[in-house]
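What's counted below: heavy atoms across the whole structure, side chains too, no hydrogens, waters or symmetry copies. All values reported here derive from a predicted model rather than from experimental measurement.
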Amino acid sequence: MKAYAPVADVSEEMAAVRATLEPGTRPPAEIKDKLNETLKALGLVRIAGRIATPIRGNFVHLTDGREKLQIYAKKGQFTLARNDGEADREPDQAWEAWQILDHGDLIGVEGYLFVTNTGEVSVHVERLFFLSKALSPMPDKMHGIEDAEIKQRQRYLDLIASSLQVKSEPPAPERGQNLTTREVFETRAKTISSLRRFLEDDGYIEVETPMLTPKATGAAAKPFKTHHNALDIDLYARIAPELYLKRLLVGGFEKVYELNRNFRNEGISHKHNPEFTMLEFYCAYMDVNGMMDFCERLIQESVRRATGDLTVTYEGNEIDLSKFERITMRDAIAKYAPSFDVDDANLVEAFDTHVEANLIQPTFIIDYPKSISPLSKASPENPEIAERFELFINGMEVANGFSELNDPHEQLARFKDQAEARERGDDEAMVLDEDYVRALSYGMPPAAGIGIGIDRLVMLLTNKHSIRDVILFPHMRPERPLEGSEASRAADHSDQMKDES
RNA sequence: GGUCCGAUAGCUCAGUCGGUAGAGCAAAUGGCUUUUAACCAUUGGGUCCCAGGUUCGAGUCCUGGUCGGAUCACCA
């Protein structure tokens, strides 16, 4: 199959011609004729895409998912290419084929560019290629898909809908952060590639550590459990890569990162999905303060690259990412709940209930209690405080970092405290990893590390309230069998096979 | 898991007091053929989420369930 140019970008010349035209106004005839000469001199273009408007008359728009380009087919002036390589069908048959095309079909066209009377750059079709049929009807071209369930279960349809949608709104910059589904996932991709670039420019290397692990540790969470048949051992989907990454610090890698999925067998909510994407990275010879500085620059630079701006509007709040506040947990409680009588026992609870939701602008909360930070180094000034921070934006925890505990004896003691907590019934207390303690016994450089919740960061940048809107295929309960569909027939068949066996 | 809200044509949505199931878009047929979401005419299209109940009669009221959304708890 020959290549087709993307609809969005037939040529630089076309873009140049487009730039000279004023949208919505009819160009004077002499200007139009001159432009058409220029465009025709470019020769034939060949583009493919989905038919974005119902076939009515000679004009139709093709979409590549992002941009639309109008094509013009005139009876008698184009042929229909055959898939078997034989000579093209004659114009009469080509016109018949054109007339039976449907909204949503995929076609290719070959032709020359021209400007219409209304000043839109279009392709004058000389050859039509039929590429694929849309058997199921397309969503409403004005409203797209509104049903959250269809959007998530049938993301392909949601994406098609957003590409077919007639834009009565201005393009992205003026629209603020009211993005199409396509744009949301493009922003996500840009954010992730920007994070990778920033880290790599700073000397970090990307590593991959096990997703299936014999111990679910490195965080406090309930794991997914599975079984490996050949080894006959239980394995757990990882809840965090942390302990593997720090083993690499022991091994001599000074800057490592991993950007991939974690799995936690816990509740689903607008900010929780059972699998979620985490960026974790570790830097030797750095401490918690250096890590906060670096985290701030990393997020700022990635946001700038992904959205072009350091201010985002999220659910009506203007969020200024140019400055990250730093405040201790105790001071934050004093600030947001001044009447609250804080002691060591109720500190964390007071923070969760009275402070978190107020942290709209980027804020590092520092001085976490050591008791809830089993992997982080204690402060030299106060042994009850961990050298740890969490970053909050719009009331949501986005990152968690600390100076890494690198004393094997103390680490073992902390694991034992966790084991006791587990025996007391805390089934999310951290699991002891003996090999990790052994690794520390060979000497881990002082280091700082951090985990950044990528889905939540993307929610912020795309103004999405639900994590399911920034994950292409979020987890949901299974749908009932689709009656009368291919899928249900396949299911019936497999039931039958079971009965027979 | 608790609480609240929702489910009607392929899509977006109406549906009054319990009394024949509606619109726009999409689809089909014909017309038009340089148009900018919605041209003109005609036509087809429904398990009103499922199962019970009340009633002469249920899309509508009641009970239970399914799926989704919001929220609380847990968590990142």
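A:Asp105 places a side-chain N or O within 3.5 Å of a backbone atom of A:Ala134 that can act as its donor or acceptor partner. With hydrogens and angles ignored, the 3.5 Å screen pairs no side-chain donor or acceptor of A:Glu126 with any backbone N or O of A:Phe78.
Scored by the side-chain contact (heavy atoms from CB on, under 4.5 Å) test, A:Ser302 finds A:Ser194, A:Leu195, A:Leu298 as partners (sequence neighbours excluded). In this structure, A:Phe224 has no ring pair (Phe, Tyr, Trp, His ring centres under 6.0 Å) partners at least two apart in sequence or on a different chain. Applying the ring pair (Phe, Tyr, Trp, His ring centres under 6.0 Å) test to A:Phe351 and every residue at least two apart in sequence or in another chain returns A:Phe392. Contacts of A:Asp33 classified as side-chain contact (heavy atoms from CB on, under 4.5 Å), with partners at least two apart in sequence or in another chain: none. For A:Phe389, the ring pair (Phe, Tyr, Trp, His ring centres under 6.0 Å) partners are A:Phe364, not counting sequence neighbours. Applying the side-chain contact (heavy atoms from CB on, under 4.5 Å) criterion to A:Phe185, with sequence neighbours excluded, gives A:Arg155, A:Thr181, A:Arg188, A:Leu472. Shown here are the ring pair (Phe, Tyr, Trp, His ring centres under 6.0 Å) partners of A:Phe114, two or more places apart in sequence or in another chain: A:Tyr72, A:His124. Applying the side-chain hydrogen bond (donor to acceptor under 3.5 Å, both in side chains) rule to A:Glu120 yields the partners A:His61; only residues at least two apart in sequence or on another chain are considered.
For A:Lys464 and A:Asp455, the salt-bridge test fails: no basic side-chain N is under 4.0 Å from an acidic carboxylate O. We find that A:Lys246 and A:Asp433 are not joined by a salt bridge, their nearest charged nitrogen and carboxylate oxygen being 4.0 Å or further apart.
Distance, A:Ile150 CD1 to B:U12 C1': 10 Å, rounded to whole Å. When the C1' atom of B:A76 is taken as reference, atom CZ of A:Arg388 falls 11 Å away, rounded to whole Å. When rounded to the nearest whole Å, the span between NZ of A:Lys75 and C1' of B:U34 equals 17 Å. Distance CG (A:Leu460) to P (B:A76): 19 Å, rounded to an integer number of Å. A:Glu397 has its CD atom 14 Å from the P atom of B:C74, to the nearest Å. The separation between A:Glu146 atom CD and B:G10 atom C1' is 16 Å, rounded to whole Å. Atom-to-atom, CD1 of A:Ile393 to P of B:A76 comes out at 17 Å; the value is rounded to the nearest Å. Distance A:Asp102 CG to B:A27 P: 7 Å, rounded to the nearest Å.
Looking only at atom types and distance, the side chain of A:Thr209 has a donor-acceptor partner in the side chain of A:Glu258 under 3.5 Å away. Using modelled atom types and a 3.5 Å distance limit, the side chains of A:Thr363 and A:Glu325 yield no donor-acceptor pair.
Counting any heavy atom pair closer than 4.0 Å across all strands shown, A:Gly451 reaches no nucleic acid atom. A:Asp158 comes within 4.0 angstrom of nothing in the nucleic acid, heavy atoms only. Using a 4.0 Å heavy-atom criterion, one finds that A:Asn262 contacts no nucleic acid atom at all.
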Could you list the protein-to-nucleotides 68-72 of chain B atom pairs, N/O on both sides, closer than 3.5 Å?
from	atom 1	to	atom 2	distance (Å)
B:G68	OP1	A:Arg477	N	2.9
B:G68	O4'	A:Glu149	OE1	3.1
B:G69	OP1	A:Gln152	OE1	3.1
B:G69	OP1	A:Arg468	NE	2.7
B:G69	OP1	A:Arg468	NH2	3.2
B:A70	OP2	A:Arg468	NH2	2.7
B:U71	OP1	A:His465	NE2	3.2
B:U71	OP2	A:His465	NE2	3.3

Scan nucleotides 23-25 of chain B against the protein and return all N/O pairs shorter than 3.5 Å with their distances rounded to 0.1 Å.
from	atom 1	to	atom 2	distance (Å)
B:G24	N2	A:Asp140	OD2	2.9
B:C25	O3'	A:Lys141	NZ	3.0

Review item, nucleotides 30-33 of chain B N/O atoms under 3.5 Å of protein N/O:
from	atom 1	to	atom 2	distance (Å)
B:U33	O2'	A:Asn58	OD1	2.6
B:U33	O2	A:Asn58	N	3.4
B:U33	O2	A:Asn58	OD1	3.0

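The aromatic ring centres of A:Tyr204 and A:Phe294 sit less than 6.0 Å apart.
Rounded to whole Å, the separation between the P atoms of B:U20 and B:G53 comes to 23 Å. B:C32 and B:C39 have their C1' atoms separated by 8 Å, with the value rounded to a whole Å. Nucleotides B:U8 and B:G69, compared at atom P, are 15 Å apart to the nearest Å. Nucleotides B:C62 and B:G45 are separated by 33 Å at their C1' atoms, to the nearest Å. Here the separation of B:C50 from B:C40, taken at their P atoms, is 36 Å to the nearest Å. For the C1' atom pair drawn from B:C74 and B:G2, the interatomic distance equals 13 Å after rounding to whole Å. Taking atom C1' on both nucleotides, B:C13 is separated from B:A21 by 14 Å, rounded to a whole Å. Comparing the same atom, C1', in B:A27 and in B:G10 gives a spacing of 9 Å after rounding to whole Å.
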Checklist line | Stepwise side chain to side chain contact (heavy atoms under 4.5 Å, CB included) check, A:Asp158 with A:Ile150 | finding: CA-CA 7 Å; A:Asp158 182 26; A:Ile150 302 177; over 6 Å; no
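When each of A:Gly144 and A:His61 is assigned the nucleotide of RNA chain B with its nearest heavy atom, A:Gly144 is the one assigned upstream, toward the 5' end.
For A:Gln70 and B:U35, a side-chain-to-base donor-acceptor distance below 3.5 Å is present, hydrogens and geometry of angles not being considered.
For RNA chain B, the stems formed by at least three consecutive Watson-Crick or G-U pairs, with both atom-pair distances below 3.5 Å, span B:1-7 with B:66-72, B:10-13 with B:22-25, B:27-31 with B:39-43, B:49-53 with B:61-65.
The nucleotide whose nearest atom lies closest to any side-chain atom of A:Thr116 is, among B:C11, B:U35, B:A26, B:U35.
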